[in-house]
Amino acid sequence: MTNLDAHSPPSERLPEIIRRLRLAHPDACCALQHRTPWELLVATILSAQCTDERVNKVTPALFERFPTPRAFADAERSEIEEAIRSTGFYRNKARHIQEVAQIVAYEYDGKVPADMATLLKLPGVARKTANVVLGVAFEIADGIVVDTHVKRLVTRLGLVKAKDPKKIEQELIAITPREDWIDLAHLLIFHGRRVCKARKPDCTACTLNDLCPSSELNPT
DNA sequence: ATCCCGAGGG
DNA sequence: CCCTCTGGAT
């Protein structure tokens, strides 16, 4: 073991950070319930500013009522809104889901596109959502998911300087082996939920505290 | 920068 | 009350 500390370069700390997070969170994975790429795409749109737990509460009934993209496409908008209301932003989310469903059903033969450029054309789908679908449903590492947890943790860890999610993603890509792109986000998200929480981070229990410039245990 | 939006925690 | 939760469009 070398003498890594909280102020070692990001590229040197990152492999050790990933190694320890894998040990701490061997169960890290996408927590959104889904059976198909389509269901994952819908669940991911619903997950904006909403816990995955709450998304999982509405999706079983949602996918029973609307089993296919075509069913969503031809539905009454208000019925979709009602089914997803508790996830917040329900009017925008219902509109996006229905518009995406119409495109998927009638332009892509019911299949979710498996490439970044096509996904990004869908209304309500930007890099975060596209990266989740590509990584989890298709096992394609085209980029790195940067959500609120990933942003908070990599900022606290001093792994990136940028504040804009797109720039953060580019900085992460530059220092992360591609084979870790998909796992990294899941590991950070699990760690963010359980330990490095937004309000009251539990630095004492954190497996990364000696590598973190923001740890309350380290001198600044 | 602001809006969309509901639910739960502190 | 205020903050946060796997954001995206205007």
Side-chain angles (χ1 to χ4, degrees), chain A residues 21 25 27-34 37-59 61-62 77-78 80-101 103 112 116-157 159-160 162-170 172-173 176 180-202:
Chain A
L21 287 177
H25 309 290
D27 54 334
C29 63
C30 178
L32 294 169
Q33 292 174 20
H34 62 282
W38 165 251
E39 290 191 358
L40 179 62
L41 174 57
V42 173
T44 307
I45 291 173
L46 291 175
S47 74
Q49 302 290 268
C50 174
T51 62
D52 55 326
E53 186 180 356
R54 181 152 295 285
V55 173
N56 290 337
K57 258 191 97 179
V58 308
T59 46
L62 183 68
R77 177 79 54 84
S78 58
I80 300 176
E81 289 177 354
E82 202 48 45
I84 67 170
R85 172 182 287 275
S86 65
T87 66
F89 297 161
Y90 63 92
R91 280 196 285 267
N92 278 337
K93 288 177 181 176
R95 186 179 78 251
H96 288 148
I97 288 169
Q98 187 164 49
E99 289 174 351
V100 169
I103 295 169
V112 175
M116 178 66 78
T118 311
L119 283 169
L120 291 180
K121 290 181 191 167
L122 300 173
V125 177
R127 293 196 61 86
K128 183 262 170 183
T129 301
N131 275 325
V132 169
V133 172
L134 287 175
V136 176
F138 298 115
E139 297 182 10
I140 295 173
D142 194 283
I144 297 176
V145 172
V146 178
D147 65 8
T148 180
H149 289 300
V150 173
K151 179 179 176 181
R152 182 178 71 253
L153 267 68
V154 297
T155 300
R156 285 178 175 171
L157 284 163
L159 294 177
V160 300
K163 296 178 180 178
D164 171 56
K166 282 189 220 168
K167 294 181 182 175
I168 290 176
E169 185 183 353
Q170 293 313 309
L172 287 178
I173 284 173
T176 309
D180 294 327
W181 287 6
I182 297 174
D183 280 359
L184 178 61
H186 292 138
L187 290 168
L188 290 171
I189 290 165
F190 268 59
H191 196 63
R193 279 208 207 113
R194 296 172 176 176
V195 181
C196 193
K197 295 171 283 189
R199 293 213 182 172
K200 199 178 149 195
D202 191 356

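Only this structure's heavy atoms are used, side chains among them; waters, hydrogens and symmetry mates stay out. Numbered from 1 within each chain, the chains take letters A, B, ... in sequence-line order.
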Q: Check the distance between C:dG7's P and A:K166's NZ and give it to me in whole angstrom.
A: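 Going from NZ in A:K166 over to P in C:dG7 covers 16 Å.
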Q: Taking A:R85 for the side chain and A:R91 for the main chain, is one N or O donor matched with an acceptor at less than 3.5 Å?
A: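 Side chain of A:R85 to backbone of A:R91: no pair is present.
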Q: Between atom CG in A:L40 and atom C1' in C:dT6, what is the gap in whole Å?
A: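 Atom CG in A:L40 sits about 11 Å away from atom C1' in C:dT6.
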Q: Is A:H149 close enough to C:dC5 that one of its side-chain N or O atoms is under 4.0 Å from OP1 or OP2 there?
A: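 Yes, within the criterion.
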Q: For a quick check of understanding: with a heavy-atom distance under 4.0 Å over all strands, which category does A:A185 fall into, base, sugar-phosphate or nothing?
A: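 No contact at all - A:A185 keeps every heavy atom at 4.0 Å or more from the nucleic acid.
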Q: Nearest-Å distance, NE2 (A:H34) to C1' (C:dT6)?
A: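 Rounding to the nearest Å, NE2 of A:H34 and C1' of C:dT6 are 13 Å apart.
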Q: Contact between A:H34 and A:V136 at the side-chain level, heavy atoms closer than 4.5 Å - yes or no?
A: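 A:H34 reaches A:V136 side chain to side chain.
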Q: I need the OH-C1' distance between A:Y90 and C:dG8, as an integer number of Å.
A: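 After rounding, the gap between these two atoms is 18 Å.
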Q: Which of these, A:I97, A:L32, A:V55, sits in a side-chain contact (heavy atoms from CB on, under 4.5 Å) with A:V42?
A: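 Single side-chain contact (heavy atoms from CB on, under 4.5 Å) partner of A:V42 among A:I97, A:L32, A:V55: A:I97.
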Q: Which residue lies toward the 5' end of DNA chain B, A:K57 or A:R91, if each is placed at its nearest nucleotide?
A: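 Residue closer to the 5' terminus by nearest nucleotide: A:R91.
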Q: Do you know which of A:L188, A:V154, A:L153, A:I168 makes side-chain contact (heavy atoms from CB on, under 4.5 Å) with A:L159?
A: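 The passing option is A:V154.
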Q: How long is the span from the CD atom in A:E53 to the OG atom in A:S47, to the nearest 0.5 Å?
A: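 With rounding to 0.5 Å, CD (A:E53) is 14.0 Å from OG (A:S47).
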Q: Could you tell me whether the side chain of A:V145 reaches within less than 4.5 Å of the side chain of A:H186, counting heavy atoms only?
A: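 Result no, sub-4.5 Å side-chain heavy-atom pair not found.
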Q: Taking the basic N atoms (NZ, or NE/NH1/NH2) and the acidic carboxylate oxygens, is any pair closer than 4.0 Å for A:R193 and A:D147?
A: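 No salt bridge links A:R193 with A:D147.
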Q: Rounding to an integer number of Å, can you tell me how far A:K93 NZ sits from C:dA9 C1'?
A: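 It is 14 Å, rounded to the nearest whole Å.
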Q: How many Å lie between CZ on A:R95 and P on C:dG8, as a whole number?
A: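 Going from A:R95 (CZ) to C:dG8 (P), I get 14 Å.
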Q: So which of A:T176, A:N131, A:I140 actually passes side-chain contact (heavy atoms from CB on, under 4.5 Å) with A:W181?
A: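 Per the side-chain contact (heavy atoms from CB on, under 4.5 Å) rule, the option paired with A:W181 is A:T176, out of A:T176, A:N131, A:I140.
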Q: If the P atom of B:dC4 is compared with that of C:dT6, how far apart are they to the nearest Å?
A: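 Going atom to atom, P in each nucleotide, I get 23 Å.
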Q: Looking across every strand, which nucleic acid part, if any, lies under 4.0 Å from A:R85 by heavy atom: base, sugar-phosphate, or nothing?
A: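 Answer is sugar-phosphate: A:R85 comes under 4.0 Å of backbone atoms only.
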Q: Could you list where the contact with chain A starts and ends along DNA chain B, reading 5' to 3', using a 4.0 Å heavy-atom cut-off?
A: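 In short, chain A contacts DNA chain B from B:dC4 to B:dG10.
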Q: Taking only N and O in the side chain of A:R193, is any of them less than 4.0 Å away from OP1 or OP2 of C:dT6?
A: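 Affirmative; the distance criterion is met.
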Q: Would you indicate what A:R199 reaches in the nucleic acid, counting non-hydrogen atoms under 4.0 angstrom: base, sugar-phosphate, or nothing?
A: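 Since a base atom lies under 4.0 Å of A:R199, the category is base.
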Q: Is the shortest distance from a Lys or Arg side-chain nitrogen in A:E169 or A:R127 to a carboxylate oxygen in the other one below 4.0 Å?
A: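 Yes, charged N to carboxylate O under 4.0 Å.
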Q: How is A:S47 classified with respect to the nucleic acid when contacts are heavy atoms under 4.0 Å: base, sugar-phosphate, or nothing?
A: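 Here A:S47 touches the backbone only, sparing every base.
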Q: What residues in residues 124-133 of chain A put a non-hydrogen atom under 4.0 Å from any atom of DNA chain C?
A: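 Those residues are A:G124, A:V125, A:A126, A:K128, A:T129, A:V132.
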Q: Are A:L46 and A:L62 close enough that some pair of their side-chain heavy atoms sits under 4.5 Å apart?
A: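 They are in side-chain contact.
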Q: Between C1' on C:dC3 and NZ on A:K200, what's the gap in Å once rounded to a whole number?
A: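 Spelled out: NZ on A:K200 to C1' on C:dC3 is 15 Å.
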Q: Taking the nucleotide of DNA chain C with the closest heavy atom to each, which residue, A:P123 or A:D52, is nearer the 5' end?
A: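 With A:P123 and A:D52 compared, the 5'-side residue is A:D52.
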Q: Rounded to the nearest angstrom, tell me the gap between atom CG in A:N92 and atom P in C:dA9.
A: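 Result: 10 Å.
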